[in-house]
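Order of the sequence lines fixes the chain letters, A, B, ..., with proteins taken first and strands second; residue numbering starts at 1 for each chain.
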There are 2 protein chains.
Amino acid sequence: MASGKRKNYHHGDLKNSLVEAGLELLRHQDASGISLRAVAKEIGVSHTAPYRHFKSKHSLLAAISQRGFEILTENTRQAVDKEPNDARQQLMLSGQAYVDMAVEHPKLLHLMFGGALSLRDCSTEYCQIAQNSFLSLTHILENGVSTGVFKDKSSTEMSVVVWSLLHGLAMLISAGQLDNEITSQKRIRELSGLAVDTLLNGLLK
Amino acid sequence: MASGKRKNYHHGDLKNSLVEAGLELLRHQDASGISLRAVAKEIGVSHTAPYRHFKSKHSLLAAISQRGFEILTENTRQAVDKEPNDARQQLMLSGQAYVDMAVEHPKLLHLMFGGALSLRDCSTEYCQIAQNSFLSLTHILENGVSTGVFKDKSSTEMSVVVWSLLHGLAMLISAGQLDNEITSQKRIRELSGLAVDTLLNGLLK
DNA sequence: ACCTGAACACCGTTCAAGT
DNA sequence: ACCTGAACACCGTTCAAGT
């Protein structure tokens, strides 16, 4: 994984290695600081080799971002499976899984939602995977409505609202916009809990 | 404003012109596509001239972003002034002003919150201006609590929750993540209204 | 005090050539 | 089928020199 030479002329699994190396670089610097040449050097391959597997830097970034969405969807899916019968708990756990993503992979989250990779100029496969975590929220809401726990509003519109809340909190955290003492994991858990509770119970007296 | 020559050796107001030209470029391309050299050429000045006024590209971007925060704060302030006695309406109008920012200046919003300009490595003046729109929300909540309209929870924590909701919706819109027919201005108004209403009234039956 | 031009070390991308 | 190296047009940044 470290930068260096390799034995064979052919790498063998260059495509995956590029994505993996990109994810690794994103742990310590944000997407704007990651270059195609740096990723190639990290693997020990010429700086033009990536073009055999990705038609541009943009499509490599899209592949990295796609992995991010897969991680996010997997985490929220686990939250749903843990409480198959309690929509309220599912929403709470999914929310915390979403916000955890901001703590664990802040730069990756910003690549995924930074605007550089708009859904317009990405593959249909990418778009589908990108929307799965959103669909997971929609299912929770539909479940909650059908079991009579949630109010009977349009589930798709409602899940945009829920998504917005979780997404906003995650983005503010990962951007370092909440400079108070909200840095600790425990503090963030409390905050995301409060956020979901407020949405559930309302703000009015 | 168009790219071209100028008469004098000295520009006169280069610092402001650079920020203005940057804002203009941000209308049609995102921050990753804006280069110091392009901004300089747009004004008709050598590509090293900006360094007399900004110590790096980062600080020019920070100045542009700062203007974005000034616009955002001004818009929410107007919403507050319009309804001096109704915290509920203030929250609704502020929310729509925040979301409008995503419609009017999507790329600028992503520069402001994209993570490239973390509060850590920016001037204290920048940090202060960046937090003003957040403080505006806090004041609305305090106002609502003291007039007995809102529940009596911690206002600062609560305003992070409200901020998250508005911020998330704004970021999802400006990133083009909501690819359904939620593109029209009218549709977005309804959606931000629903978002604030849900937060106010809660989701539980 | 403010601006320029050459220079440096980096980019992304293309293309003919090597294995 | 996969990878390399030279080449091109771009970057951000520094610095001696010009007005």
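- Residues meeting the ring pair (Phe, Tyr, Trp, His ring centres under 6.0 Å) test with F150(B), sequence neighbours left out: none.
- Rounded to a whole Å, the CG atom of D13(A) is 10 Å from the P atom of dC3(D).
- Rounded to a whole Å, the CD1 atom of I43(A) is 15 Å from the P atom of dC2(D).
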Do L117(A) and M112(A) pass the side chain to side chain contact (heavy atoms under 4.5 Å, CB included) test, and can you show the C-alpha distance, the side-chain angles, and the key distance before you say yes or no?
CA-CA 7 Å; L117(A) 300 170; M112(A) 292 157 64; over 6 Å; no

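- By the side-chain hydrogen bond (donor to acceptor under 3.5 Å, both in side chains) test, S65(A) is found to be paired with Y126(A), residues two or more places apart in sequence or in another chain being considered.
- Of the residues in residues 26-33 of chain B, not one places a heavy atom less than 4.0 Å from an atom of DNA chain C.
- Position along DNA chain C of the nearest nucleotide to L36(A) versus L14(B) favours L14(B) as the more 5'-ward residue.
- We find that K186(A) and E190(A) are joined by a salt bridge, their nearest charged nitrogen and carboxylate oxygen being less than 4.0 Å apart.
- Applying the salt bridge (charged side-chain N to carboxylate O under 4.0 Å, His left out) test to D81(B) and every residue at least two apart in sequence or in another chain returns R77(B).
- Residue pairs that meet the ring pair (Phe, Tyr, Trp, His ring centres under 6.0 Å) test with at least one member in residues 15-57 of chain A, sequence neighbours left out, do not exist here.
- Contacts of S35(A) classified as side-chain hydrogen bond (donor to acceptor under 3.5 Å, both in side chains), with partners at least two apart in sequence or in another chain: none.
- For K41(B) and dC3(C), the NZ to C1' distance is 18 Å, given to the nearest whole Å.
- Using a 4.5 Å cut-off on side-chain heavy atoms (C-beta onward), L108(A) and R27(A) make no contact.
- Between R67(A) and E20(A) there is a salt bridge, with a side-chain nitrogen of the basic residue lying less than 4.0 Å from a carboxylate oxygen of the acidic one.
- Against DNA chain D, the stretch residues 49-66 of chain A makes heavy-atom approaches under 4.0 Å through A49(A), R52(A), H53(A).
- The number of heavy atoms from other shown groups lying within 6.0 Å of NZ (K57(A)) is above 12.
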Both distances under 3.5 Å, Watson-Crick or G-U wobble: on that basis, could you give the dot-bracket string for DNA chain C, with [ ] for crossing pairs and | for other-strand partners?
||.|||||...|||||.||

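- Here the C1' atom of nucleotide dG12(C) and the CD1 atom of I34(A) are 13 Å apart, to the nearest Å.
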Shorter than 3.5 Å, N or O on both sides, protein versus nucleotides 6-8 of chain C: list them out with atom names.
none

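- Scanning for side-chain contact (heavy atoms from CB on, under 4.5 Å) contacts around Q128(B) gives an empty result, with sequence neighbours left out.
- Judged as a salt bridge (Lys or Arg N to Asp or Glu O under 4.0 Å), the pairs with a partner in residues 94-106 of chain A (not counting sequence neighbours) are, in order, D100(A)-R189(A).
- Among the nucleotides dC11(C), dG12(D), dT4(D), the one closest to any side-chain atom of V45(A) is dT4(D).
- Dashed line: the shortest gap from a side-chain N or O of S46(A) to OP1 or OP2 of dG5(D) is not under 4.0 Å.
- T198(A) is linked by a side-chain contact (heavy atoms from CB on, under 4.5 Å) to L194(A), L203(A), M158(B), V161(B), L199(B), counting only residues two or more places apart in sequence or in another chain.
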